[in-house]
Student: 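Got a structure here, written out as structure tokens. Questions coming.
Small disclaimer: the values here were computed from a predicted structure and weren't measured.
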Amino acid sequence: MINEIGKIIRDKRRSLGLTIEQLAEKADVSESLVSQLERGVNSNISINKLERISTAVNLKLSDLFDEPANNGIKYLELLDFLANLPRDKREELSEKILALLSSMNNL
């Protein structure tokens, strides 16, 4: 599980264009901790520090513990994008995405 969490953090950090040093500073944790977490070699991290790191890369703590199939960075970014739209726009766009996926499935 810690390997998956580290991969999510690393992928999100990279997608934001942050270095390990910048993320550590933003989360107020050590660079060593971020590096170890990303490499999956530190499973002894407090929830408080993990939450600060996830918040620093615009993720919710719960995003890190979702089913592995549901925690890819693009998946989370799409969910965040949809969540930030007004309800009517979110529904409209969701319908269009589903229609597109359905038509692609029929190819």
Side-chain angles (χ1 to χ4, degrees):
M1 169 161 264
I2 197 68
N3 287 338
E4 284 297 318
I5 291 171
K7 183 180 179 333
I8 294 166
I9 296 293
R10 183 184 61 240
D11 290 348
K12 185 63 175 178
R13 174 183 61 78
R14 288 177 175 170
S15 77
L16 293 172
L18 295 173
T19 64
I20 288 176
E21 295 80 15
Q22 290 168 323
L23 173 55
E25 183 177 326
K26 192 172 179 182
D28 194 28
V29 297
S30 71
E31 294 173 24
S32 174
L33 179 66
V34 173
S35 176
Q36 290 172 5
L37 177 64
E38 288 188 359
R39 291 181 286 128
V41 297
N42 185 342
S43 60
N44 189 22
I45 182 171
S46 72
I47 292 294
N48 183 340
K49 288 181 181 178
L50 189 56
E51 183 172 34
R52 291 197 320 246
I53 292 169
S54 65
T55 299
V57 291
N58 304 321
L59 292 172
K60 295 181 276 263
L61 189 58
S62 61
D63 292 335
L64 302 178
F65 295 97
D66 202 355
E67 290 293 321
N70 296 338
N71 61 15
I73 294 305
K74 295 301 178 188
Y75 173 84
L76 294 172
E77 286 178 4
L78 178 59
L79 289 179
D80 285 343
F81 180 84
L82 289 170
N84 288 317
L85 292 174
R87 184 183 174 122
D88 60 326
K89 295 291 184 191
R90 181 174 55 237
E91 291 298 317
E92 180 183 339
L93 184 55
S94 294
E95 285 178 25
K96 289 178 180 179
I97 291 170
L98 290 171
L100 175 64
L101 292 173
S102 179
S103 70
M104 290 175 66
N105 205 20
N106 292 330
L107 295 178

Student: In chain order, what residues pass the side-chain hydrogen bond (donor to acceptor under 3.5 Å, both in side chains) check against Thr19, with sequence neighbours excluded?
Tutor: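 With sequence neighbours excluded, Thr19 shows a side-chain hydrogen bond (donor to acceptor under 3.5 Å, both in side chains) to Glu21, Gln22, given in chain and number order.
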
Student: To the nearest 0.5 Å, tell me how far Ile97 CD1 sits from Ser102 OG.
Tutor: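 Between Ile97 CD1 and Ser102 OG, I get 13.5 Å after rounding to 0.5 Å.
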
Student: Give me the atom names and distance for the closest heavy-atom approach of Asn3 to Gly40.
Tutor: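 Smallest interatomic distance, heavy atoms only, reads OD1-CA, 3.2 Å.
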
Student: May I ask whether Val41 and Ile5 are part of the same hydrophobic cluster, defined by side-chain heavy atoms of I, L, V, M, F, W, Y residues being less than 4.5 angstrom apart, directly or through others?
Tutor: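 No; tracing contacts between hydrophobic side chains, which count when under 4.5 Å, never links both residues.
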
Student: What's the separation between atom CD in Glu25 and atom OG in Ser30, rounded to the nearest 0.5 Å?
Tutor: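 Glu25 CD to Ser30 OG: 13.0 Å, rounded to 0.5 Å.
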
Student: So which pairs with a foot in residues 84-96 pass salt bridge (charged side-chain N to carboxylate O under 4.0 Å, His left out), sequence neighbours left out?
Tutor: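 Passing the test, one end in residues 84-96: Glu92-Lys96.
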
Student: If hydrophobic clusters are built by linking Ile, Leu, Val, Met, Phe, Trp and Tyr wherever their side-chain heavy atoms come under 4.5 Å apart, do Ile53 and Ile47 end up in the same one?
Tutor: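 Same cluster.
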
Student: Roughly how far apart are Leu93 CG and Leu100 CG, rounded to 0.5 Å?
Tutor: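 So the gap between those two atoms works out to 10.5 Å.
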
Student: When you look at Gln36 and Ser32, which way does the side-chain hydrogen bond (donor to acceptor under 3.5 Å, both in side chains) test go after all the steps?
Tutor: CA-CA 6 Å; Gln36 290 172 5; Ser32 174; 3.2 Å; yes

Student: Could you measure the distance from the CD1 atom of Ile45 to the CG atom of Leu37? Nearest 0.5 Å is fine.
Tutor: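 It is 5.0 Å, given to the nearest 0.5 Å.
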
Student: Measure the shortest side-chain to side-chain distance between Ile8 and Val57 over non-hydrogen atoms and say whether it is less than 4.5 angstrom.
Tutor: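 Ile8 vs Val57: side chains apart.
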
Student: If you look at every heavy atom in Lys60 and Ser54, which pair is closest and at what distance?
Tutor: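 Closest heavy-atom pair between Lys60 and Ser54: C-OG, 4.2 Å.
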
Student: CG of Leu33 to CG of Asp28: how many Å apart, nearest 0.5 Å?
Tutor: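 Going from the CG atom of Leu33 to the CG atom of Asp28 covers 11.0 Å.
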
Student: Give every residue pair that meets the salt bridge (charged side-chain N to carboxylate O under 4.0 Å, His left out) criterion with at least one member in residues 35-50, sequence neighbours excluded.
Tutor: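 Pairs touching residues 35-50 that pass the test: Arg13-Glu38.
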
Student: Determine the minimum heavy-atom distance between Ala27 and Arg52, stating which atoms define it.
Tutor: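 The answer is O-NE, 3.0 Å.
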
